[in-house]
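Worth knowing before you read on, the calculation uses all heavy atoms, side chains too, and leaves out hydrogens, waters and symmetry mates. Throughout, a chain's letter reflects where its sequence line sits, starting with A, and its residues are numbered from 1.
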Protein chains: 2
Amino acid sequence: MLMQIAMIQDRIVDYDELDEAYLDRGTYFGDGVYEVLRSYGGKIFLLEKHLERFARSLGEIGIEGVDIDEIREKIITAYNRASIDEAKVYFHITRGIGPRNHGMVGELKPNFFLTVTELGDFRGEKEHGIKVSTYPDLRWKRCDIKSLNLLPNVLARLDAEKKGCVEAILVSDAGEITEGSASAFFAVFASDKNLVTRPLGTEILPSITRKLVVQVAVNAGLTVVEKALTPWQAKQADELFIAVTTKDIVPVVEFDGVKIADGKPGEYTNALMKEINALVFSS
Amino acid sequence: MLMQIAMIQDRIVDYDELDEAYLDRGTYFGDGVYEVLRSYGGKIFLLEKHLERFARSLGEIGIEGVDIDEIREKIITAYNRASIDEAKVYFHITRGIGPRNHGMVGELKPNFFLTVTELGDFRGEKEHGIKVSTYPDLRWKRCDIKSLNLLPNVLARLDAEKKGCVEAILVSDAGEITEGSASAFFAVFASDKNLVTRPLGTEILPSITRKLVVQVAVNAGLTVVEKALTPWQAKQADELFIAVTTKDIVPVVEFDGVKIADGKPGEYTNALMKEINALVFSS
């Protein structure tokens with residue numbers, strides 16, 4: 001008799017007794033898409049925008065049969081149960097469970113997984129700013145899809161951490177900044193009152209916080225200019241910052257070892273943070 | 001009190017009671033590398049070559065502290081326990097388990113996972129050949145690393161299956177074939193007795209079966225020419241085939257709907273299969 005078996009660390013396990021998580025296409029291939037939400041003061045922020053992007057990601061990789069209304073309900077149920085005011089809600093859907101085969105083996109049923117955890121405290125980062133370093137953008141050609149294939153992002157972040165930095169800024173083969181390993185990237189040029197960020201496309205994620213920043217820029221007296229910057233150009237900026245759901249805006253005060261302006265968060269960046277804050281608490 | 005929670009499908013689970021598999025960086029990021037071995041007649045084939053490549057993959061993504069001798073021992077133990085003559089041995093190592101954060105959170109301990117399963121029966125494919133179709137190569141820039149980030153490979157394969165094909169042949173932005181979604185790709189030009197395959201580089205996996213084919217080519221009367229082909233050039237070939245650990249050589253008799261030569265496996269391809277077979281059973 002054939003004995004299909006598995007091994008977890010040093011432990012031999014009957015294949016049929018494996019937790020389904022081990023046989024998930026998310027594990028074998030990263031064959032799934034995800035979202036990260038946050039709550040402010042006990043209220044989930046921009047749930048519909050995230051669901052909209054999630055539905056798009058699912059469609060782009062051809063995962064069918066997911067009811068977004070059910071996903072919304074699950075998120076709300078789980079969030080309410082956790083009762084964490086400042087929470088991070090992570091969720092993903094994979095194509096399903098089955099024998100490891102790149103193609104379809106029988107019918108696959110999409111798999112949902114979610115966690116609600118407490119957000120870290122980013123006040124220090126927001127008040128004093130962070131250091132960033134550059135790393136080659138090794139990612140695939142569809143970075144507009146929020147997929148579970150994040151190894152290049154991880155490699156970039158690990159490199160940044162080794163350099164004492166909080167985030168890695170990715171640079172394309174053409175020598176242009178695309179975005180952060182897990183954030184959007186912005187530069188302020190004060191003399192022109194320009195807020196520069198890369199235009200959307202397959203090279204970057206359609207960041208929801210990026211959209212928010214673009215939306216409130218005018219209130220901070222800035223004109224948004226969508227164009228790609230090189231690292232050299234970024235270092236000439238008066239202010240730099242990153243934008244990410246979990247922290248909204250975080251000032252960048254050092255870029256590849258070079259201080260930006262006086263090395264303190266800039267006034268426009270602080271103004272944008274206030275604008276986002278106002279928007280959060282009026283929504 | 002804060003209540004960190006998780007949800008699997010419709011079921012709310014205490015975060016602390018989650019199976020570790022759910023919190024593995026392999027699941028969140030595809031932050032790991034893998035290998036696939038096969039056995040012929042109760043004997044694992046080319047174990048050392050696979051271990052060598054695995055060690056290189058681990059090194060390239062900076063997973064440290066893995067003892068390859070221990071991995072070898074685990075593979076042999078598990079394979080012997082399964083007692084499957086014609087088996088597929090899949091194994092991976094991820095960077096470890098921890099809260100979802102692209103960077104390092106505390107110390108991570110690499111996680112090993114392995115399955116031994118029965119190989120499918122590929123005699124029909126080998127005897128009659130398969131159909132393949134092309135798909136854009138959307139992968140990252142380090143395809144020489146055998147990582148768990150395989151979504152672009154999956155998308156290519158799903159597209160091929162929709163077209164009634166067994167494998168997808170990936171085509172770069174430059175219009176050149178790189179390799180199959182899970183195989184190396186070869187073309188035979190009979191008039192010159194040339195066996196053409198893409199040179200190694202960061203765009204393709206250093207396939208062990210590719211190496212084997214290159215090694216036995218001379219016995220089949222072929223000269224190996226390492227160069228990239230376009231799909232148009234591939235369609236002019238006298239013979240095409242793919243090479244992959246689990247099936248060694250599989251003839252390709254149709255490429256993007258175009259019959260190759262007379263639509264039957266070619267004589268050089270058959271000769272190479274025999275050479276590999278001889279090598280397998282002499283080793």
Side-chain angles (χ1 to χ4, degrees), chain A residues 2-10 12 15 19 21-22 24-31 61-62 74 77-78 81-84 90-91 95 99-100 102-104 111-118 136 138-142 147-158 160-161 173 181-182, chain B residues 2-10 12 15 19 21-22 24-31 61-62 74 77-78 81-84 90-91 95 99-100 102-104 111-118 136 138-142 147-158 160-161 173 181-182:
Chain A
L2 292 173
M3 199 170 126
Q4 310 221 115
I5 64 165
M7 198 169 190
I8 300 168
Q9 304 293 33
D10 289 310
I12 287 186
Y15 187 91
D19 188 297
Y22 289 97
D24 193 296
R25 292 175 67 99
T27 306
Y28 284 135
F29 306 117
D31 189 8
I61 71 164
K74 287 179 187 183
T77 303
R81 181 76 75 86
S83 60
I84 301 172
Y90 167 89
F91 62 98
R95 205 179 302 273
R100 187 184 180 280
H102 291 69
M104 296 291 267
N111 251 346
F112 178 80
F113 177 68
L114 169 150
T115 60
V116 184
T117 52
E118 198 189 1
L138 302 175
R139 299 175 302 164
W140 72 324
K141 291 178 186 139
R142 291 299 307 276
S147 92
L148 297 175
N149 277 203
L150 293 168
L151 178 56
N153 308 61
V154 164
L155 295 178
R157 178 68 67 82
L158 293 177
E161 289 186 349
D173 282 351
S181 78
Chain B
L2 290 174
M3 197 170 128
Q4 309 221 117
I5 65 164
M7 198 170 190
I8 300 170
Q9 304 291 33
D10 288 310
I12 287 186
Y15 188 91
D19 189 295
Y22 290 96
D24 193 293
R25 292 175 67 97
T27 305
Y28 284 135
F29 305 118
D31 190 7
I61 71 162
K74 287 179 188 185
T77 303
R81 180 75 76 88
S83 61
I84 301 173
Y90 166 89
F91 62 96
R95 205 178 302 273
R100 187 183 179 281
H102 291 69
M104 298 290 268
N111 250 346
F112 178 81
F113 177 69
L114 170 149
T115 60
V116 184
T117 53
E118 199 190 1
L138 301 175
R139 298 176 301 166
W140 73 324
K141 291 178 187 142
R142 290 301 306 277
S147 92
L148 296 176
N149 276 202
L150 294 168
L151 178 55
N153 308 61
V154 165
L155 295 179
R157 179 67 69 83
L158 294 177
E161 289 187 348
D173 282 352
S181 78

Tell me, side chain or backbone of [X] under 4.5 Å from chain A's heavy atoms, or both, or neither?
X        : result
B:Ile5   : both
B:Ile61  : both
B:Leu158 : side chain
B:Tyr15  : side chain
B:Phe113 : both
B:Glu161 : side chain

- Item | Contacts of type salt bridge (Lys or Arg N to Asp or Glu O under 4.0 Å), residue A:Arg139, not counting sequence neighbours |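 Salt bridge (Lys or Arg N to Asp or Glu O under 4.0 Å) check on A:Arg139 returns A:Asp137, A:Glu179.
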Against chain B, work out which of [options] has the most heavy-atom pairs shorter than 4.5 Å and name it.
options                              : value
A:Asn153, A:Ile8, A:Val116, A:Asp24  : A:Val116
A:Leu151, A:Thr115, A:Asp10, A:Ile12 : A:Leu151
A:Gly62, A:Pro99, A:Pro136, A:Pro152 : A:Pro152
A:Asn149, A:Leu150, A:Thr117         : A:Asn149

- Pairwise side-chain contact, A:Lys141 with B:Asp173, heavy-atom cut-off 4.5 Å (strictly under):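 The answer is yes, as the side chains (C-beta and beyond) meet within the 4.5 Å cut-off.
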- Excluding sequence neighbours, so at least two apart, what forms side chain to side chain donor-acceptor pair (under 3.5 Å) with B:Arg95?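 Here the qualifying residues are B:Asp31.
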- Can B:Lys74 be said to sit on top of B:Phe112's aromatic six-ring, NZ or CZ under 6.0 Å from centre and within 45° of the ring axis?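 The answer is yes; both the distance and angle limits are met.
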- Task: Taking all non-hydrogen atoms of both residues into account, name the closest pair between A:Ser181 and B:His102 and its distance.
- Result: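 A:Ser181 and B:His102 have their closest heavy atoms at O-NE2, 4.2 Å.
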- Max heavy-atom pair count under 4.5 Å with chain A, selected residue of B:Thr27, B:Leu138, B:Thr77: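 Of the candidates given, the most pairs with chain A belong to B:Leu138.
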